[in-house]
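Shown next, in structure tokens, is the structure this report addresses.
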Amino acid sequence: MAHLIWLTLVLGLTLHVQAKDVFAHFILDNGANFTQKHWKQDFTTAQAASIDAFALNTGYGPSNTYSLLNDAFTVAATLDFKLFLSLDYSGDGHWPPDQVINILQNYSSHPAYYKIPGTNKSLVSTFEGYESLNDWTNIKQKIPDLFLVPDWSAESPESLVQDSVVDGLLSWDAWPYGNNPMNTSSDEKYISALKGANKPYIMPVSPWFYTDMVRYHKNWVWQGDDLWYRRWNEVLELEPEFLEILTWNDFGESHYIGPIHENELGIFDYGQAPFNYAEGMPHDGWREFLPFIVGEYKNGSGKGRIESEGVVVWYRLTPAWACLAGLTTGNAVSQGQRTLPPGDVLTDTVFFEALLESNAQVEVSIGGNNHSVGWSATPDGGRGIYYGNVPMDNRTGEVVVTLSRDGHFVAQMKGESITTKCPNKLTNWNAWVGSAMANGTNASTSKASLENSGGVTGGRLGLFAWLPVLVWMGLWVAV
Ligand SMILES: *[C@@H]1O[C@H](CO)[C@@H](O)[C@H](O)[C@H]1NC(C)=O
Ligand SMILES: *[C@@H]1O[C@H](CO)[C@@H](O)[C@H](O)[C@H]1NC(C)=O
Ligand SMILES: *[C@@H]1O[C@H](CO)[C@@H](O)[C@H](O)[C@H]1NC(C)=O
Ligand SMILES: *[C@@H]1O[C@H](CO)[C@@H](O)[C@H](O)[C@H]1NC(C)=O
Ligand SMILES: *[C@@H]1O[C@H](CO)[C@@H](O)[C@H](O)[C@H]1NC(C)=O
Ligand SMILES: *[C@@H]1O[C@H](CO)[C@@H](O)[C@H](O)[C@H]1NC(C)=O
Ligand SMILES: *[C@@H]1O[C@H](CO)[C@@H](O)[C@H](O)[C@H]1NC(C)=O
Ligand SMILES: *[C@@H]1O[C@H](CO)[C@@H](O)[C@H](O)[C@H]1NC(C)=O
Ligand SMILES: *[C@@H]1O[C@H](CO)[C@@H](O)[C@H](O)[C@H]1NC(C)=O
């Protein structure tokens with residue numbers, strides 16, 4: 001009887017993950033031309049943004065996978081950056097189980113492979129592949145120290161958490177439906193199912209979504225607009241065990257936050273996109289406030305570091321009515337959704353955020369027309385991230401956003417012009433992102449340089465509550 005009781009307790013109280021780490025999803029195919037120099041640049045850039053690890057998304061098949069991974073792991077180890085595999089079951093076909101074993105045997109015990117803090121368990125994730133669930137019993141027997149956190153959207157979290165091969169879950173629900181604002185309903189479903197089973201959640205965070213790839217029959221937008229601001233507040237509210245930024249370099253879906261390198265946009269030819277909608281559309285500014293907000297997430301409210309005050313601004317370069325929509329829909333039939341015009345989902349608006357020690361004034365000028373605007377949201381206590389937006393109102397020309405405090409200049413972002421002409425005749429539904437920090441750093445206008453490597457290593461709490469073990473030991477003694 002006593003035996004039964006402690007067994008129940010041990011099974012019920014499995015790992016309770018306390019660490020909060022931040023991952024970014026990296027599409028290995030888009031890094032096909034990477035040399036060690038590129039890996040070094042991206043890892044240090046990610047570390048400067050308080051990102052702890054990359055989830056390397058790799059489909060089964062490409063012949064260069066192992067040579068890319070060898071370089072990536074070699075460089076990551078020298079920088080104390082971490083990597084783990086996210087096996088993609090959707091793109092190039094399903095992974096044969098013996099190939100999963102092969103690739104994990106090769107890398108899962110590498111010093112640069114991401115381990116769940118406080119354990120020797122190597123995190124492995126997936127993009128889809130629920131149909132292959134049964135493969136994992138054998139895979140985990142062959143490689144005992146795996147911690148499987150798949151994204152299996154085909155099945156409900158309630159049923160997935162029951163399965164003993166599943167150690168946690170990643171959700172891909174990072175975008176709202178139509179023009180509804182993003183909310184946490186889906187995250188809460190995951191969290192409540194996972195809490196009951198004491199398994200961790202990887203919450204997805206994404207800034208944008210626009211894809212137009214004839215080869216993949218994909219041509220839709222999901223709402224971006226205020227998403228990058230709103231979603232991080234949801235992170236702070238929910239405090240999940242882990243975050244995954246979707247993505248670092250998925251240019252074909254416009255949700256990259258990493259730099260764009262030369263020879264990295266081959267997907268637009270390969271995917272038969274009608275035009276290259278990432279070229280000249282930097283998203284670097286979206287990383288600018290991550291050290292602050294990740295600090296708030298990891299270390300608690302008020303603990304985020306402000307190295308420099310500054311402003312981040314994003315908008316589309318043409319109003320929705322100016323050019324053809326290119327058959328792009330808002331929402332996607334392929335996702336079982338009712339569609340609406342893309343211009344009803346993405347609004348003609350200039351969005352901006354400022355990271356401030358205390359309140360400041362903001363002025364937004366489009367084509368020389370300077371307006372003082374109010375904040376739509378300010379942080380509690382006045383220190384932190386301020387948010388605002390102004391409608392384009394059919395104005396065209398250069399976008400300038402100026403921060404000042406009591407008449408003193410703080411920072412100014414001079415951005416790409418809004419026009420009504422589309423060189424390709426089609427609307428580019430991707431966002432242009434610019435930033436200006438009070439200390440003179442300027443992510444969008446400074447060209448990514450391979451020499452640029454100064455980085456701040458993201459803090460790591462790395463703590464695991466071994467409560468279940470203690471309870472187990474206590475009971476053992478009691479018995
Ligand atoms: C790693 O992969 C290569 C290529 O598939 C294979 O030849 C080698 O045996 C693997 N190494 C380990 C340690 O599994
Ligand atoms: C993890 O593995 C290393 C090397 O095999 C060992 O030294 C260490 O004690 C292990 N740590 C835990 C928490 O099991
Ligand atoms: C959250 O958003 C979804 C999709 O738009 C919607 O169906 C749901 O009702 C929303 N939940 C709440 C609590 O508003
Ligand atoms: C890699 O470079 C080749 C040659 O320039 C190019 O054809 C290919 O599209 C590039 N790959 C990617 C992923 O951009
Ligand atoms: C969290 O706090 C620790 C200890 O003060 C610090 O080293 C680390 O940089 C902080 N993390 C972030 C992301 O600010
Ligand atoms: C300015 O602040 C940013 C952090 O916001 C930092 O990455 C950068 O190195 C700083 N630049 C200078 C010149 O101090
Ligand atoms: C807008 O007004 C601010 C504050 O007066 C000024 O600093 C900025 O240069 C002006 N911007 C433009 C484009 O005129
Ligand atoms: C902008 O211009 C378009 C096309 O001329 C017109 O249909 C629309 O009503 C205008 N919108 C505003 C806000 O003035
Ligand atoms: C930042 O951007 C502004 C406007 O484009 C530019 O004039 C300035 O030189 C840039 N600063 C740096 C440090 O690149």
Side-chain angles (χ1 to χ4, degrees), residues 23-47 51-116 120-129 132 135-136 138-151 170 244 247-252 256 258-259 261-267 269-271 450:
F23 315 133
H25 200 78
F26 185 102
I27 307 292
L28 198 62
D29 270 348
N30 286 343
N33 292 321
F34 267 37
T35 62
Q36 293 203 357
K37 262 187 176 173
H38 296 93
W39 288 118
K40 184 174 179 214
Q41 192 200 353
D42 277 23
F43 295 160
T44 52
T45 302
Q47 285 175 320
I51 292 167
D52 299 291
F54 279 172
L56 297 176
N57 172 294
T58 173
Y60 172 64
S63 58
N64 57 352
T65 303
Y66 279 73
S67 63
L68 284 172
L69 291 179
N70 287 345
D71 275 352
F73 275 93
T74 302
V75 174
T78 67
L79 296 168
D80 197 25
F81 190 64
K82 302 297 177 202
L83 304 171
F84 61 93
L85 293 173
S86 167
L87 302 173
D88 192 323
Y89 283 73
S90 78
D92 303 303
H94 279 202
W95 276 86
D98 61 319
Q99 293 304 312
V100 175
I101 291 165
N102 192 43
I103 198 166
L104 287 170
Q105 269 172 349
N106 256 295
Y107 299 105
S108 67
S109 52
H110 193 283
Y113 200 97
Y114 180 83
K115 308 273 192 323
I116 299 293
N120 270 344
K121 288 193 178 284
S122 299
L123 176 60
V124 58
S125 188
T126 73
F127 180 70
E128 302 304 348
S132 303
D135 293 356
W136 288 93
N138 185 38
I139 295 166
K140 287 181 123 185
Q141 264 158 15
K142 291 275 165 33
I143 309 170
D145 281 332
L146 291 181
F147 196 88
L148 175 64
V149 184
D151 150 51
L170 161 67
E244 190 157 320
T247 58
W248 185 258
N249 68 340
D250 193 336
F251 306 107
Y256 51 97
H261 304 281
E262 233 170 88
N263 260 339
E264 203 186 8
L265 297 178
I267 185 65
D269 280 337
Y270 184 79
L450 287 179

Just checking, is any N or O donor in the side chain of [X] or [Y] under 3.5 Å from an acceptor N or O on the other one?
X	Y	answer
Asn70	Tyr107	yes
Asp42	His261	yes
Asn30	Asn249	no

[atom2] on [Y] to [atom1] on [X], rounded to 0.5 Å:
X	Y	atom1	atom2	value
Lys40	Thr74	NZ	OG1	14.0 Å
Phe23	Glu244	CZ	CD	7.0 Å
Ile267	Ile27	CD1	CD1	9.0 Å
Gln36	Gln41	CD	CD	14.5 Å

Do [X] and [Y] come close enough that some side-chain heavy atom pair is under 4.5 Å?
X	Y	result
Tyr114	Ile116	yes
Ile51	Phe43	no
Leu79	Gln47	yes
Leu146	Leu104	yes
Tyr60	Pro96	yes
Asp29	Pro62	yes

Could you tell me which non-hydrogen atom of [X] sits nearest to which non-hydrogen atom of [Y], and how far apart they are?
X	Y	value
Pro259	Phe251	O-CZ, 4.0 Å
His110	Lys115	O-NZ, 3.7 Å
Val149	Leu123	CG2-CD1, 3.4 Å
Pro97	Ile139	O-CG1, 4.3 Å
Ile101	Lys142	CD1-CG, 3.8 Å
Val75	Thr78	O-OG1, 2.6 Å

Backbone N/O of [Y] and side chain of [X]: donor-acceptor pair under 3.5 Å:
X	Y	result
Ser132	Asp135	no
Asp250	Tyr256	no
Lys121	Leu148	no

Problem - Partner of Trp39 by ring pair (Phe, Tyr, Trp, His ring centres under 6.0 Å), out of Phe81, Phe54, Trp248, Phe26 - result: Phe26

Practice task
Run through Leu87, Asp88, Leu68, Leu83 and flag the one making a side-chain contact (heavy atoms from CB on, under 4.5 Å) with Leu56.
Solution key: Leu83

Handout entry: Check against side-chain contact (heavy atoms from CB on, under 4.5 Å), Leu170 and Thr126
Key = CA-CA 9 Å; Leu170 161 67; Thr126 73; over 6 Å; no

Completion exercise
For Tyr113, the side-chain hydrogen bond (donor to acceptor under 3.5 Å, both in side chains) test, sequence neighbours excluded, returns none

Exercise for the section: Mind running side-chain contact (heavy atoms from CB on, under 4.5 Å) on Ile143 and Ser108 for me, showing each step along the way? Expected result: CA-CA 9 Å; Ile143 309 170; Ser108 67; 3.9 Å; yes

Practice task
Could you walk me through whether Leu28 and Phe34 pass the side-chain contact (heavy atoms from CB on, under 4.5 Å) test, one step at a time?
Solution key: CA-CA 9 Å; Leu28 198 62; Phe34 267 37; over 6 Å; no

